[in-house]
Amino acid sequence: MRPLTEAETRAVFEKLGKYIGENIQLLVDRPDGTYCFRLHRDRVYYLSEKLLKLAASVPRESLVAAGTCFGKFTKSQKFRLSVTALDFLAPYAKYKVWVKPGSEQSFLYGNHVLKSGLGRITEGTAQYQGVVVYSMADVPLGFGVAAKSTQECRKVDPLAIVVFHQADVGEYVRNEDTLT
C-alpha cells in the first residue's frame with residue numbers, strides 16, 4: 001500500500017467533494033483517530049493509521065485489502081466511487097434524494113430514479129450534483145447524479161429521469177465476486 005500521489009489525491013477528493021462537499025475534512029480528522037487514504041492495486045482504501053501500521057507488516061503480494069475500499073482508478077486514471085463507500089458518504093451528504101417504496105426495488109436493480117418514484121429531494125440541488133439516495137425510512141440505498149435540479153423536478157413529466165444511477169447496495173449481491 002502506498003500513499004496517493006498529488007494527482008490521485010485531487011481526483012479522489014474532487015469525486016468525494018461532489019457528494020459531501022467540505023465535509024471531507026471530517027473523514028480524515030475523526031475523534032477516534034486519524035484516518036488516511038492508501039492505494040493498493042488501483043483501488044483506494046480508507047483506513048486508520050493504526051490499521052495502516054499493522055498492514056505494513058504484511059507483504060504487498062499477500063495483502064488482499066486493508067480498510068474500506070472507496071473506489072478504484074480506471075485505466076484512463078479516472079476515479080470511480082464504489083458502493084462500499086456509501087456508509088461513509090451517507091452521514092455527510094449535502095444533497096439527498098428519497099425514493100418511494102415502489103421505486104426502491106427498481107433502483108436496487110440498477111435503474112435510474114424517475115420522477116414518478118421521487119419522494120423528496122433536498123432543496124437547492126443543482127443539476128449534475130452528486131446525491132445520496134435514501135428510502136423513505138431514511139435508509140441509504142446508494143448514490144447517483146442529479147439529472148435535473150430541484151426546480152426542474154417540479155415541472156417534468158412522470159417518466160423523466162431525475163437521478164442517474166451510479167451505485168446501490170444491490171451491487172453487493174450482483175457483483176459479489178468483484179467487490180473487495
Side-chain angles (χ1 to χ4, degrees), residues 11-32 35 37 43-48 65 67-72 78-180:
V12 170
F13 282 7
E14 283 176 3
K15 184 65 85 164
L16 289 175
K18 286 180 71 173
Y19 294 95
I20 61 176
E22 63 277 349
N23 291 337
I24 295 172
Q25 187 65 31
L26 298 174
L27 282 177
V28 179
D29 296 327
R30 291 177 32 173
D32 58 338
Y35 283 69
F37 293 95
R43 285 180 167 48
V44 176
Y45 292 94
Y46 175 71
L47 65 158
S48 68
T68 303
C69 181
F70 256 51
K72 70 177 203 168
K78 292 185 177 161
F79 182 69
R80 177 158 297 184
L81 210 54
S82 175
V83 68
T84 52
L86 180 64
D87 291 335
F88 297 96
L89 293 179
Y92 303 120
K94 288 177 67 175
Y95 301 103
K96 302 174 183 179
V97 170
W98 288 266
V99 293
K100 294 178 182 174
S103 294
E104 283 179 27
Q105 188 171 8
S106 175
F107 181 75
L108 294 176
Y109 281 149
N111 298 318
H112 303 305
V113 177
L114 303 177
K115 167 70 163 88
S116 60
L118 182 68
R120 295 184 314 198
I121 186 168
T122 305
E123 194 64 38
T125 304
Q127 188 175 18
Y128 305 124
Q129 177 67 48
V131 295
V132 175
V133 179
Y134 286 87
S135 69
M136 292 304 279
D138 280 336
V139 176
L141 300 175
F143 52 87
V145 175
K148 308 273 186 217
S149 67
T150 304
Q151 297 298 327
E152 292 172 340
C153 285
R154 293 186 177 130
K155 49 191 167 192
V156 295
D157 62 356
L159 296 178
I161 296 173
V162 292
V163 176
F164 294 123
H165 175 273
Q166 292 218 318
D168 63 82
V169 293
E171 288 181 28
Y172 285 120
V173 176
R174 292 194 310 266
N175 301 334
E176 65 182 310
D177 296 337
T178 58
L179 287 175
T180 56

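Note that this is a predicted model, so its numbers are computed, not measured. This chain uses plain numbering: 1 for the first residue, then up along the sequence.
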Problem set entry | Nearest non-hydrogen partners of A93 and V132, listed with the distance | CB-CG2, 3.5 Å
Exercise. Would you say Q105 has more than 12 foreign heavy atoms packed within less than 6.0 Å of its CD?
Worked result: no
Problem set entry | Where C153 and I121 come nearest, the two heavy atoms and their spacing | SG-CD1, 4.2 Å
Exercise. Residues in ring pair (Phe, Tyr, Trp, His ring centres under 6.0 Å) with F70, at least two apart?
Worked result: F37, Y46, F88
Exercise. How long is the span from the CD atom in E104 to the CH2 atom in W98, to the nearest 0.5 Å?
Worked result: 13.5 Å
Problem set entry | Min side-chain heavy-atom separation Y128-F164 under 4.5 Å | yes
Exercise. In Å and rounded to the nearest 0.5 Å, what is the CZ to CG distance from F143 to L81?
Worked result: 4.0 Å
Exercise. Checking side chain to side chain contact (heavy atoms under 4.5 Å, CB included) for the pair L114/I161: CA distance, chi angles, key distance, verdict?
Worked result: CA-CA 4 Å; L114 303 177; I161 296 173; 3.8 Å; yes
For this session: Determine yes or no for a side-chain-to-main-chain donor-acceptor pair under 3.5 angstrom, with Q127 supplying the side chain and A147 the backbone.
Result: yes
Exercise. Do V131 and V163 come close enough that some side-chain heavy atom pair is under 4.5 Å?
Worked result: yes
Exercise. Should the heavy atoms of other residues, nucleotides or ligands under 6.0 Å from CZ of R30 be counted, would the total exceed 12?
Worked result: yes
Exercise. If only atom types and distance count, is the side chain of Q129 paired as donor or acceptor with the main-chain N or O of K18 below 3.5 Å?
Worked result: yes
For this session: Determine which pairs satisfy salt bridge (Lys or Arg N to Asp or Glu O under 4.0 Å) with at least one residue from residues 149-170, sequence neighbours left out, and list them in order.
Result: E123-R154, D168-R174
Exercise. Any side-chain heavy atom of K94 sitting closer than 4.5 Å to one from E22?
Worked result: yes
Exercise. Does any non-hydrogen side-chain atom of V145 lie less than 4.5 Å from one of Q166?
Worked result: yes
Exercise. Is a side-chain donor or acceptor of T125 paired with a backbone partner of T122 at a separation under 3.5 angstrom?
Worked result: yes
Exercise. Taking atom CZ of R43 and atom SG of C69, what is their separation to the nearest 0.5 Å?
Worked result: 5.5 Å
For this session: Please examine the side chains of L89 and L16, heavy atoms only from C-beta on, and report whether any two atoms are closer than 4.5 Å.
Result: yes
Problem set entry | Distance in Å, S82 OG paired with Y45 OH, rounded so as to fall on 0.5 Å steps | 9.5 Å
Exercise. Salt bridge (Lys or Arg N to Asp or Glu O under 4.0 Å): which pairs involve residues 130-146, sequence neighbours left out?
Worked result: none
For this session: Only one of T84, L108, D87 passes side-chain contact (heavy atoms from CB on, under 4.5 Å) with V169; say which it is.
Result: L108
Problem set entry | From OG (S103) to NZ (K115), nearest 0.5 Å | 11.5 Å
Exercise. Just how far is it from atom CE of M136 to atom CZ of R120, taken to the nearest 0.5 Å?
Worked result: 5.5 Å
Exercise. So does K72 have more than 12 non-hydrogen atoms from other groups sitting under 6.0 Å from NZ?
Worked result: no
For this session: Answer whether the closest heavy-atom distance between the side chains of Y35 and L27 falls below 4.5 Å.
Result: no
